[in-house]
Amino acid sequence: MIEQKDGVFPAVCPLDCPDTCGLLLHKKDGKIVKVTGNPEHPVTQGAICNKVRNMTERIYHNERILYPLKRTGPKGSGEFTRISWEEAVDEITGRYRELIAEYGPESILPYSFYGNMGILSVDGMDRRFFNALGASQLDQGICNAAGNAGWKYTMGFKGGTSPEDTEFADLIIVWGGNLMSTNMHQVVYAEKARKRGAKVIVIDVHKNRTAQWADWFIPLYPGTDTALALGVMHILFRDGWTDEAFLKRYTVGYEELREHVKSYTPAHVSAITGVPVEDIEKLASMYGEASTSYIAIGNGLQHHDNGGMNVRSISCLPALTGQWLKKGGGAVKTNGGYNAMDSSYLERPDLRPNQQARSISMNRIGEALEMVEEPIKSIFVYCSNPLVVAPDTERVQAGFAREDLFTVVHDLFMTDTAKYADIVLPAASTFETTDLYGSYWHHYIQLQEPVIERVGESKGNVELFAMLGHALGLDDKAFSESPEEMIAGALDYPANPYLNGVTLEALKEKRFVKLDMSPQETYLERLSTPSGKIELYSAAMQEAGMPALPEYVPLQEGYDGVSRPGKDDPYPLMFISPPNHNFLNSTFANVEKHQRLEKEPQLQIHPEDASERGISDGDLVVIYNQRGQLELRAMVTDKMLPGTVISQGLWWDGKGRKQRANALTPDRLADMGGGATFFSTVAQVKRQ
Ligand SMILES: Nc1nc2c(c(=O)[nH]1)N[C@H]1C(S)=C(S)[C@@H](COP(=O)(O)OP(=O)(O)OC[C@H]3O[C@@H](n4cnc5c(=O)[nH]c(N)nc54)[C@H](O)[C@@H]3O)O[C@H]1N2
Ligand SMILES: Nc1nc2c(c(=O)[nH]1)N[C@H]1C(S)=C(S)[C@@H](COP(=O)(O)OP(=O)(O)OC[C@H]3O[C@@H](n4cnc5c(=O)[nH]c(N)nc54)[C@H](O)[C@@H]3O)O[C@H]1N2
Ligand code: SF4
Ligand SMILES: [Mo]
């Protein structure tokens, strides 16, 4: 029982967003009536986004699932009947026992991502359950896997510049990211830097909100970022802007790189990228002349066939001018490595009866559900909405429609995915549970404790998976630990020196506990690449069958400036579907308030491409390719180069309209890390 019915309570934003804001929940009569930012959070300082300011609409939405449901109609129909938790658990454990006996435990697949970033919820009790069961493993490459792999080949450790230091940069490059919508507090630091005279450059395939705010926007063809980075390197070496002492001491392969980039002349790079020669020269000279430069490497440029290489190439740049020795200089792809916790303790892989269990890529879930030999017979979806977020929707949907697939979905809402479930379980919101939060950008750890009673009969992930573990008679101790015990255990991890001093007690007392950043002083001496240095030349990449030096590889599906589509190309446009401002992936896409702010799903199309097709602003258009089609409202704009069309936001299907962007996207894997290739997609557009 939560005693206090009124007051203001600290909380953590649970969403998959780098900022991980400190929140304040304002309660009246036991209900949250307002969500604001917690001004005491050292980084987020009381400012929060519009999405979460309107969070109460979601928490108390009249469509929230309140009790367990069992399917009564055909899959996808959304016809369900109420059942008790006891019946739901009996049904799940009964089916699991049968499947394990007949097909083995690997016929069961968990499918999850970070709908809630709580460590106990998505990297904790849930993992213990599926490990103890011996289920198939999920390769979670949907978000940043390619980019992280590219970064790792170059820099080793999954961490870069400290956010607070970036206000000291005099040049900030936002490369394939939309910070205004996706990392708003980085914009605050950049704005501080700007007040001191810094310039902000955005390199992107369309003039997103961040580009509109920046000093200079450089548009380029999708998937050509490596070429641009190599062109910049060419000029840095050519014009003597490199820091030779730094290169010598902290990198390997700079002589090879110097030779290699000679062929990436500004003219050659301009032809590939669509960026004029003078702009490439200007970009390189600004980078070369900056005393402290910081690159925010976004997620957008790594959702490509060549996405790992894009990040790999860009992450070489700070080393060329010695940025890693400057306060605020360098780059960030992710800072997630700093707060690594004890995953063996949290996830208990030792409980697995089958250490070699197969791993299934979440990016290829449609294909995986087609497997005839050793088929997947059951899928358990939580903290994710694959029918909207996974590539190649038609294929995914066909998999989920399989009559013989036993599907369980745990969510707060009847998502497009939940409609295909046999059993739907009501999830508690994070404000109803205890959990632990790190950030993949700033350095503060936070604790969430329950602020409101569970809505309806909902249960949090920890409670749910502990209950299922007990019901199946799996290892008792692992499923009996309290959230507090799990938090203490997760933080007790001497292998990560940055966690020094972060304890449950400190979190209860201070709410925001900063990582111990003193090991950062020796960051450059302790890089975890094979050579211990920044690897401009990577033998490990060569061993893995990739070029050892950064190299531009054109997209498998797409056009650069050299391979523009011909008259006979059936799909002559490139389709990019990045997040929008008011949704968080597909979360909020069912909340009327957030929908109103986004109006409706749109297709941004260049005036040249529109007039060729007789399309005017506001027309309903169909965009299609070999995989599927969408019906969107045309917005004619010159925010991108001709040949690129953009639709922002992961909408659910609605009002009889096809509007799930992933109907068009491929389930190919990227060059590295098993990453997704959402943005390497071609399509054609016509008026409806
Ligand atoms: N409001 C909001 N915030 C979010 C999210 C959300 O859905 N909505 N999602 C969260 C999640 S899970 C993530 S991973 C992050 C992602 O946030 P970001 O890191 O900002 O990445 P994206 O928004 O995916 O893409 C950023 C930009 O990449 C561009 N882009 C696409 N292809 C290319 C290319 O080839 N080259 C270049 N240079 N640019 C390209 C797109 O046009 C887009 O403007 O945001 C998080 N925050
Ligand atoms: N075309 C295209 N596709 C994309 C992207 C893109 O830019 N373009 N971005 C990709 C990226 S970067 C990402 S990270 C993925 C994100 O994909 P997902 O991680 O699937 O993200 P969401 O759509 O937010 O779905 C999260 C779900 O978790 C539920 N949830 C929230 N809290 C809890 C909880 O505590 N317990 C349970 N059981 N459920 C909960 C929410 O209600 C929601 O339905 O999408 C990817 N897909
Ligand atoms: S979504 Fe991001 S910016 Fe918005 S409140 Fe949550 S952490 Fe902060
Ligand atoms: Mo993501």
**Student:** Below 4.5 Å, heavy atoms only, C-beta onward: do Asn306 and Leu555 meet side chain to side chain?
**Tutor:**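 A side-chain contact exists here, since the closest heavy-atom pair is under 4.5 Å.
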**Student:** Would you check, one step at a time, whether the test side chain to side chain contact (heavy atoms under 4.5 Å, CB included) holds for Lys333 with Lys152?
**Tutor:** CA-CA 10 Å; Lys333 172 68 200 88; Lys152 236 171 141 222; over 6 Å; no
**Student:** Residues in salt bridge (charged side-chain N to carboxylate O under 4.0 Å, His left out) with Arg358, at least two apart?
**Tutor:**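 By the salt bridge (charged side-chain N to carboxylate O under 4.0 Å, His left out) rule, Arg358 matches no residue at all.
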**Student:** Ile365 and Leu109: which non-hydrogen atoms are nearest, and at how many Å?
**Tutor:**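 Distance-wise, the nearest heavy atoms are CD1-CD2, 3.6 Å.
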**Student:** Can Gln323 and Thr321 be said to form a side chain to side chain donor-acceptor pair (under 3.5 Å), step by step?
**Tutor:** CA-CA 6 Å; Gln323 289 307 318; Thr321 61; 3.1 Å; yes
**Student:** Tell me, with the steps shown, if Ser359 and Asp139 meet side chain to side chain donor-acceptor pair (under 3.5 Å).
**Tutor:** CA-CA 6 Å; Ser359 178; Asp139 182 1; 4.9 Å; no
**Student:** Quick one, Asn339 with Tyr437, criterion side chain to side chain donor-acceptor pair (under 3.5 Å). Give me CA distance, side-chain angles, the key distance, then yes/no.
**Tutor:** CA-CA 10 Å; Asn339 61 36; Tyr437 292 85; over 6 Å; no
**Student:** CD of Glu535 to CG of Leu549: how many Å apart, nearest 0.5 Å?
**Tutor:**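 One gets 11.0 Å once the value is rounded to the nearest 0.5 Å.
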**Student:** I want to check something: taking the side chain as every heavy atom from C-beta on, are Val252 and Thr529 in contact at a cut-off of under 4.5 Å?
**Tutor:**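 Counting from C-beta outward, Val252 and Thr529 never come under 4.5 Å.
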**Student:** In Å and rounded to the nearest 0.5 Å, what is the CD1 to CD1 distance from Ile172 to Ile201?
**Tutor:**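 It is 10.5 Å, given to the nearest 0.5 Å.
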**Student:** Applying side chain to side chain donor-acceptor pair (under 3.5 Å), run through Tyr382 and Asn461 and close with a yes or a no.
**Tutor:** CA-CA 8 Å; Tyr382 60 101; Asn461 296 16; over 6 Å; no
**Student:** Work out which heavy atom in Ser680 is nearest to a heavy atom in Met574; give both atom names and the distance.
**Tutor:**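 That closest heavy-atom pairing would be CA-CE, 4.2 Å.
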**Student:** Under a 4.0 Å N-O cut-off, is there an ion pair linking Arg194 with Asp215?
**Tutor:**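 Salt bridge present between Arg194 and Asp215.
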**Student:** Is there any side-chain hydrogen bond (donor to acceptor under 3.5 Å, both in side chains) pair reaching into residues 277-286, and which pairs are they, with sequence neighbours excluded?
**Tutor:**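 Every side-chain hydrogen bond (donor to acceptor under 3.5 Å, both in side chains) pair that includes a residue of residues 277-286, provided the two are not neighbours, is Arg238-Glu281.
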**Student:** Just checking, Arg348 and Phe129: is the charged tip under 6.0 Å from the six-membered ring centre and within 45° of the axis?
**Tutor:**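 No, Arg348 and Phe129 do not form such a contact.
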**Student:** Could you check if a side-chain atom of Phe237 sits within less than 4.5 angstrom of a side-chain atom of Lys262, using non-hydrogen atoms only?
**Tutor:**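 The answer is no; the side chains never approach within 4.5 Å.
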**Student:** Classify the side-chain pair Gln520/Tyr498 by whether it contains a donor and acceptor separated by less than 3.5 Å.
**Tutor:**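 Distance-only check passes for Gln520 and Tyr498.
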**Student:** Before we go on, tell me: are the rings of His442 and His41 under 6.0 Å apart, centre to centre?
**Tutor:**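 They qualify: ring centres under 6.0 Å apart.
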**Student:** Are the side chain of Thr224 and the backbone N or O of Ala227 linked by a donor-acceptor pair below 3.5 Å?
**Tutor:**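 No.
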**Student:** For residues Met546 and Ser538, determine if any side-chain heavy atom of one lies less than 4.5 Å from a side-chain heavy atom of the other.
**Tutor:**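 Sidechains of Ser538 and Met546: no contact.
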**Student:** Taking all non-hydrogen atoms of both residues into account, name the closest pair between Thr154 and Cys316 and its distance.
**Tutor:**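 That would be CG2-SG, 3.9 Å.
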**Student:** How close do Ser313 and Pro550 get, heavy atom to heavy atom, and via which atoms?
**Tutor:**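 In terms of heavy atoms, the two residues are closest at OG-CB, 3.5 Å.
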**Student:** So, Gln542 versus Tyr537: side-chain donor-acceptor pair below 3.5 Å or not?
**Tutor:**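 Yes, Tyr537 and Gln542 have a side-chain donor paired with an acceptor closer than 3.5 Å.
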**Student:** Looking only at atom types and distance, does a side-chain atom of Tyr111 sit under 3.5 Å from a main-chain N or O of Met362, one as donor and one as acceptor?
**Tutor:**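 Present.
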**Student:** Using a 3.5 Å distance criterion without hydrogens, assess whether the side chain of Asn354 forms a donor-acceptor pair with backbone atoms of Gly134.
**Tutor:**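 Checking the backbone N and O of Gly134 against the side chain of Asn354, a donor-acceptor pair under 3.5 Å is found.
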**Student:** Between Ser136 (side chain only) and Glu106 (backbone N and O only), is there a donor and an acceptor less than 3.5 Å apart?
**Tutor:**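 Answer holds: yes.
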**Student:** Any side-chain donor-acceptor pair under 3.5 Å between Thr44 and Asp19?
**Tutor:**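 Checked: Thr44/Asp19 side chains show no N/O donor-acceptor pair below 3.5 Å.
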**Student:** Can you list the steps and then say if Phe130 with Gln137 is a side chain to side chain contact (heavy atoms under 4.5 Å, CB included)?
**Tutor:** CA-CA 8 Å; Phe130 291 108; Gln137 311 192 72; over 6 Å; no
**Student:** What's the shortest heavy-atom distance between Ala146 and Gly307, and which atoms?
**Tutor:**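 Nearest pair, atom of Ala146 first, then Gly307: CB-C, 4.2 Å.
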**Student:** Any salt bridge between Glu525 and Arg249, counting N to O under 4.0 Å?
**Tutor:**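 Answer for the salt bridge query: yes.
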**Student:** What verdict does the side chain to side chain contact (heavy atoms under 4.5 Å, CB included) test give for Glu255 and Arg258, after you've listed the backbone C-alpha separation in whole Å, the side-chain angles of each residue and the deciding distance to 0.1 Å?
**Tutor:** CA-CA 5 Å; Glu255 290 303 351; Arg258 193 195 308 271; 2.9 Å; yes
**Student:** Given 3.5 Å as the limit, does a donor-acceptor pair link the side chain of Asn363 with the main chain of Leu669, or not?
**Tutor:**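 Checking the backbone N and O of Leu669 against the side chain of Asn363, no donor-acceptor pair under 3.5 Å is found.
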**Student:** Are the side chain of Asn131 and the backbone N or O of Leu351 linked by a donor-acceptor pair below 3.5 Å?
**Tutor:**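 Pair absent, no side-chain N/O of Asn131 close to backbone of Leu351.
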**Student:** Under a 3.5 Å distance rule, please check whether Asp667 uses its side chain to pair with a backbone N or O of Asp392 as donor and acceptor.
**Tutor:**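 Checking the backbone N and O of Asp392 against the side chain of Asp667, no donor-acceptor pair under 3.5 Å is found.
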**Student:** Do the side chain of Asp435 and the main chain of Gln448 share a donor and acceptor less than 3.5 angstrom apart?
**Tutor:**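 Absent.
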**Student:** Looking at Thr273, is its backbone amide N or carbonyl O close enough to the side chain of Asp560 to form a donor-acceptor pair, meaning the two atoms are under 3.5 Å apart?
**Tutor:**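 Here the side-chain-to-backbone pair does not exist.
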**Student:** Can you tell if the side chain of Gln45 reaches within under 4.5 Å of the side chain of His185, non-hydrogen atoms only?
**Tutor:**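 Side chain of Gln45 against side chain of His185, heavy atoms only: no contact under 4.5 Å found.
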**Student:** Distance check, rounded to the nearest 0.5 Å: Glu167 atom CD versus Gln186 atom CD?
**Tutor:**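 Going from CD on Glu167 over to CD on Gln186, the span is 10.5 Å.
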**Student:** Taking side chain as C-beta onward, heavy atoms only, is Leu447 less than 4.5 Å from Val12?
**Tutor:**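 Leu447 does not reach Val12 side chain to side chain.
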**Student:** Keeping Asn496 on the side-chain end and Ala340 on the backbone end, is there a donor-acceptor pair under 3.5 Å?
**Tutor:**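 Present.
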**Student:** Any idea how Trp324 and Tyr523 line up, ring-wise: parallel (<30°), tilted (30 to 60°), or perpendicular (>60°)?
**Tutor:**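 Ring orientation of Trp324 relative to Tyr523: tilted.
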**Student:** Taking the side chain as every heavy atom from C-beta outward, state whether Thr242 and Leu247 have any pair of such atoms under 4.5 Å apart.
**Tutor:**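 Result yes, sub-4.5 Å side-chain heavy-atom pair found.
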**Student:** Could you walk me through whether His234 and Tyr264 satisfy the ring pair (Phe, Tyr, Trp, His ring centres under 6.0 Å) test, starting with their C-alpha distance in whole Å, then the side-chain angles of each, then the deciding distance to 0.1 Å, before giving a yes or no?
**Tutor:** CA-CA 6 Å; His234 172 100; Tyr264 285 89; 8.6 Å; no
**Student:** Can you tell me how far the NZ atom of Lys199 sits from the CE atom of Met286, to the nearest 0.5 Å?
**Tutor:**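 The distance works out to 7.0 Å.
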**Student:** Under a 4.5 Å cut-off applied to non-hydrogen side-chain atoms, are Ile173 and Ile297 in contact?
**Tutor:**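 They are not in side-chain contact.
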**Student:** If I take atom CG from residue Leu171 and atom OG1 from residue Thr292, how far apart are they, to the nearest 0.5 angstrom?
**Tutor:**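 That separation rounds to 10.0 Å.
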**Student:** Please say whether more than 12 non-hydrogen atoms of neighbouring residues, nucleotides or ligands are located less than 6.0 Å from NZ in Lys158.
**Tutor:**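 Not more than 12 within 6.0 Å, no.
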**Student:** Could you measure the distance from the OG atom of Ser162 to the OH atom of Tyr189? Nearest 0.5 Å is fine.
**Tutor:**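 It is 10.0 Å, given to the nearest 0.5 Å.
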**Student:** Which atom pair, heavy atoms only, marks the closest approach of Asp123 to Leu346?
**Tutor:**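 That closest heavy-atom pairing would be O-CB, 3.5 Å.
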**Student:** What do you reckon, are the aromatic ring centroids of Phe157 and Tyr338 less than 6.0 Å apart?
**Tutor:**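 Distance test on ring centres: under 6.0 Å, yes.
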**Student:** Apply side chain to side chain contact (heavy atoms under 4.5 Å, CB included) to Gln302 and Asn310, showing your working.
**Tutor:** CA-CA 6 Å; Gln302 57 94 65; Asn310 286 335; 5.7 Å; no
**Student:** Side chains of Tyr440 and Asp16: do they bring a donor and an acceptor to under 3.5 Å?
**Tutor:**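 Checked: Tyr440/Asp16 side chains pair up, N/O donor to acceptor below 3.5 Å.
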